[in-house]
Amino acid sequence: MTASARLLIVGPQGSGKGTQGVRIAESCGIPVVSTGDIFRANIKEGTPLGQQVTAVLDKGDLVPDELTSEIVRDRLSQDDAADGFLLDGYPRNSAQVAHLDAFLAGRGESLDAVILLDVSRDESIQRLKLRAAEQGRSDDTDEAIAHRLDIYEHETAPILEVYGPRGIVDRIDGIGSLDEITERIFAALAARGLRLAA
Ligand code: AMP
């Protein structure tokens, strides 16, 4: 059993990684660090960072790597992330993987597990369209959805080729009820000896 968990959850937009990430983090007693949430909160509050990234998010493009990595480094340096964290939405490309590796190595740390939520492109699009109708997120237009899924396929999915050989990737079938998927993730983490609340 380890006393901490340093986790990353990866999956296409609409895979349910936000919801599952919160559940896992609560069970492990670790904070969720979601770059999308950090950007959206800054946009809502009208901070200088928010003003800088509004147009980027609306188009579904990526915020520049160095800026994003700096925000994550700051967040991971806070006390509540000292013994573990769950990253959601970062790293999103190989440059960000390198930034994260360097930062964690500097603290003598590394990721314990990468949870891949496996959902097809068609399923993602259907779920995102439903979310667009329900929540009206400004980056859930048809065009931005397609663009974000393209970026996921071309830039984000390849990071698994870096993490795969490290033996830390757990591929989880993302089709099923919320509870079924949570159970699958918990089982995979428990198999790694990671501590979860009863
Ligand atoms: P998400 O909620 O993870 O889908 O992120 C929403 C948006 O925030 C993305 O479409 C990007 O514009 C931006 N974003 C989130 N995470 C990152 C990241 N790691 N690198 C660059 N841009 C990001």
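Start at 1 and go down the list; that is how both ligands and their atoms are numbered. As the structure is a prediction and not an experimental result, all values here were calculated from the model.
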Listed pairs under 3.5 Å, donor-acceptor, residues 9-17 side chains, sequence neighbours left out:
{"unit_1": "S15", "atom_1": "OG", "unit_2": "P12", "atom_2": "O", "d": "2.8"}
{"unit_1": "K17", "atom_1": "NZ", "unit_2": "D88", "atom_2": "OD1", "d": "2.8"}

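Scanning for side-chain hydrogen bond (donor to acceptor under 3.5 Å, both in side chains) contacts around E123 gives R127, with sequence neighbours left out. Qualifying side-chain hydrogen bond (donor to acceptor under 3.5 Å, both in side chains) partners for Q78, counting only residues two or more places apart in sequence or in other chains: R75.
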Measure and list all N/O to N/O distances between ligand 1 and the protein that fall under 3.5 angstrom.
{"unit_1": "ligand 1", "atom_1": "2 (O)", "unit_2": "R40", "atom_2": "NH1", "d": "2.9"}
{"unit_1": "ligand 1", "atom_1": "2 (O)", "unit_2": "R40", "atom_2": "NH2", "d": "3.0"}
{"unit_1": "ligand 1", "atom_1": "3 (O)", "unit_2": "R92", "atom_2": "NH1", "d": "3.1"}
{"unit_1": "ligand 1", "atom_1": "3 (O)", "unit_2": "R92", "atom_2": "NH2", "d": "3.2"}
{"unit_1": "ligand 1", "atom_1": "4 (O)", "unit_2": "R92", "atom_2": "NH2", "d": "3.2"}
{"unit_1": "ligand 1", "atom_1": "5 (O)", "unit_2": "R92", "atom_2": "NH2", "d": "3.4"}
{"unit_1": "ligand 1", "atom_1": "12 (O)", "unit_2": "D61", "atom_2": "O", "d": "2.5"}
{"unit_1": "ligand 1", "atom_1": "16 (N)", "unit_2": "T35", "atom_2": "OG1", "d": "2.7"}
{"unit_1": "ligand 1", "atom_1": "16 (N)", "unit_2": "G89", "atom_2": "O", "d": "3.3"}
{"unit_1": "ligand 1", "atom_1": "16 (N)", "unit_2": "R92", "atom_2": "NH1", "d": "3.0"}
{"unit_1": "ligand 1", "atom_1": "19 (N)", "unit_2": "G89", "atom_2": "O", "d": "2.8"}
{"unit_1": "ligand 1", "atom_1": "19 (N)", "unit_2": "Q96", "atom_2": "OE1", "d": "3.0"}
{"unit_1": "ligand 1", "atom_1": "20 (N)", "unit_2": "Q96", "atom_2": "NE2", "d": "2.9"}
{"unit_1": "ligand 1", "atom_1": "22 (N)", "unit_2": "V63", "atom_2": "N", "d": "3.0"}

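A donor-acceptor pair shorter than 3.5 Å cannot be found between the side chains of Y90 and S34.
Between the CZ atom of R121 and the OH atom of Y152 there is a distance of 12.0 Å, given to the nearest 0.5 Å.
Panel note: side chain R92, backbone G89; a donor-acceptor pair is recorded below 3.5 Å.
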